[in-house]
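Data block below; observations after.
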Amino acid sequence: MSAESLKEAFFERDSFEVAEALIGCRLCRKSSDQVISKYTISEIEVYDGFEDRASHAFKGKTKRNSVMFGPAGRLYVYLCYGKHWMLNITTQRYGYPAAILIRALSECEGPGRLTKRLSIDGGFNDLVANKNNSIWFENRASQTVQLKKMPRVGVAYSGPVWSQKPFRYCLDS
DNA sequence: CATTCGATCGGG
DNA sequence: CCGATCGAATGA
């Protein structure tokens, strides 16, 4: 039985449910020379809703964050600190801003490093994650994984309450 | 228009 | 610990 490719419906639900299901899944990428690589997702962060002070969406819809307000299963890719591309996958229904940041793969630590490794840049923003776009997700083989929840990284600006919420999900290996 | 500031990383 | 590096956000 081959792995199942994750569809829009997988992402169109509560962001924290998606996070629990997404950790341990595979991020798949087909390079320009048609070689397929698959990586285990080991660290992610949830940015959900209108109240989350650490989320780009907190101050409302802008040109940059508009993808977060769109339908689920889209890539939200933005430039951070002038040099690093951050890869997110959107969750929830149209109109509700939410996304999950991919922070690490078992084979590559760091949100900026993994986009460089997979050759992902701003051109991928708002793309649907599917095989046609050479980037997609696949279900994990085992039903259960060990995960730990901890505070998100680099969001001190959001204040003590929001910066300390355990919205970072790490694969416990 | 000027200035500030990042959902980070690599080098010293 | 600090500089890189640049677009979005903010304020004059």
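Residue numbers begin at 1 in each chain, while the letters A, B, ... track the order of the sequences.
- Judged purely by atom type and a 3.5 angstrom limit, Asp14(A) uses its side chain to pair as donor or acceptor with the backbone of Glu17(A).
- Distance Leu79(A) CG to dT8(B) P: 12 Å, rounded to the nearest Å.
- The separation between Leu101(A) atom CG and dT8(B) atom C1' is 11 Å, rounded to whole Å.
- Along DNA chain B, the nucleotide nearest Gly154(A) and the nucleotide nearest Lys116(A) are compared for position; the residue whose nucleotide lies closer to the 5' end is Gly154(A).
- With salt bridges taken as basic N to acidic carboxylate O contacts below 4.0 Å, one links Glu20(A) and Lys149(A).
- In secondary-structure terms, DNA chain C builds stems of at least 3 consecutive Watson-Crick or G-U pairs, each pair having both distances under 3.5 Å, at B:1-6 with C:6-11, B:8-11 with C:1-4.
- Residue-level contact check: Lys59(A) touches the backbone only, with heavy atoms under 4.0 Å from sugar-phosphate atoms and none from bases.
- If you walk DNA chain C from 5' to 3' and mark each nucleotide with an atom closer than 4.0 Å to a heavy atom of chain A, the marks span dA4(C) to dT10(C).
- Dense packing is recorded around CZ of Arg13(A), with more than 12 heavy atoms of other residues, nucleotides or ligands lying under 6.0 Å away.
- At whole-Å resolution of the value, CD in Glu43(A) and C1' in dT8(B) are 13 Å apart.
- Checked for salt-bridge contact, Arg93(A) and Glu12(A) miss the test: no charged N lies under 4.0 Å from a carboxylate O.
- dA7(B) has Tyr47(A) stacked on its base ring, the centres lying under 5.5 angstrom apart and the planes within 30 degrees of parallel.
- With hydrogens and angles left out, the side chain of His56(A) and the base of dA7(B) share a donor-acceptor pair within 3.5 Å.
- As a whole-Å value, the separation of Arg113(A) CZ from dG11(B) C1' is 12 Å.
- Nucleotide dA7(B) holds its C1' atom 15 Å from the CD atom of Glu109(A), rounded to whole Å.
- Side-chain rings of Phe16(A) and Phe167(A) approach one another, their centers coming within less than 6.0 Å.
- Rounded to whole Å, the P atom of dT4(B) lies 15 Å from the corresponding atom of dG3(C).
- Going from atom CZ of Arg117(A) over to atom P of dG10(B) covers 11 Å, rounded to whole Å.
- In this structure, Arg152(A) is positioned above the aromatic face of Tyr47(A), its NZ or CZ under 6.0 Å from the six-membered ring centre and within 45° of the axis.
- Here the side chain of Arg26(A) pairs no donor or acceptor atom with the backbone of Ser5(A) at under 3.5 angstrom.
- In summary, the aromatic rings of Tyr96(A) and Tyr94(A) are positioned with their centroids too far apart to meet the 6.0 Å limit.
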Could you please spell out the steps behind the ring-ring contact (aromatic ring centres under 6.0 Å, His included) verdict for Phe137(A) and Phe10(A)? CA-CA 10 Å; Phe137(A) 295 87; Phe10(A) 176 91; 8.3 Å; no
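- By the 4.0 Å N-to-carboxylate-O rule, Glu109(A) lies too far from Arg103(A) to be salt-bridged with it.
- Across the protein-nucleic acid pair, Trp85(A) atom CH2 and dG6(B) atom C1' stand 14 Å apart, rounded to whole Å.
- For Arg168(A) and dA7(B), the shortest distance from a side-chain N or O to OP1 or OP2 is not below 4.0 Å.
- Glu45(A) places its CD atom 15 Å from the P atom of dG6(B), with the value rounded to the nearest Å.
- Within 4.0 Å of Ser158(A), counting heavy atoms only, lies no atom of the nucleic acid at all.
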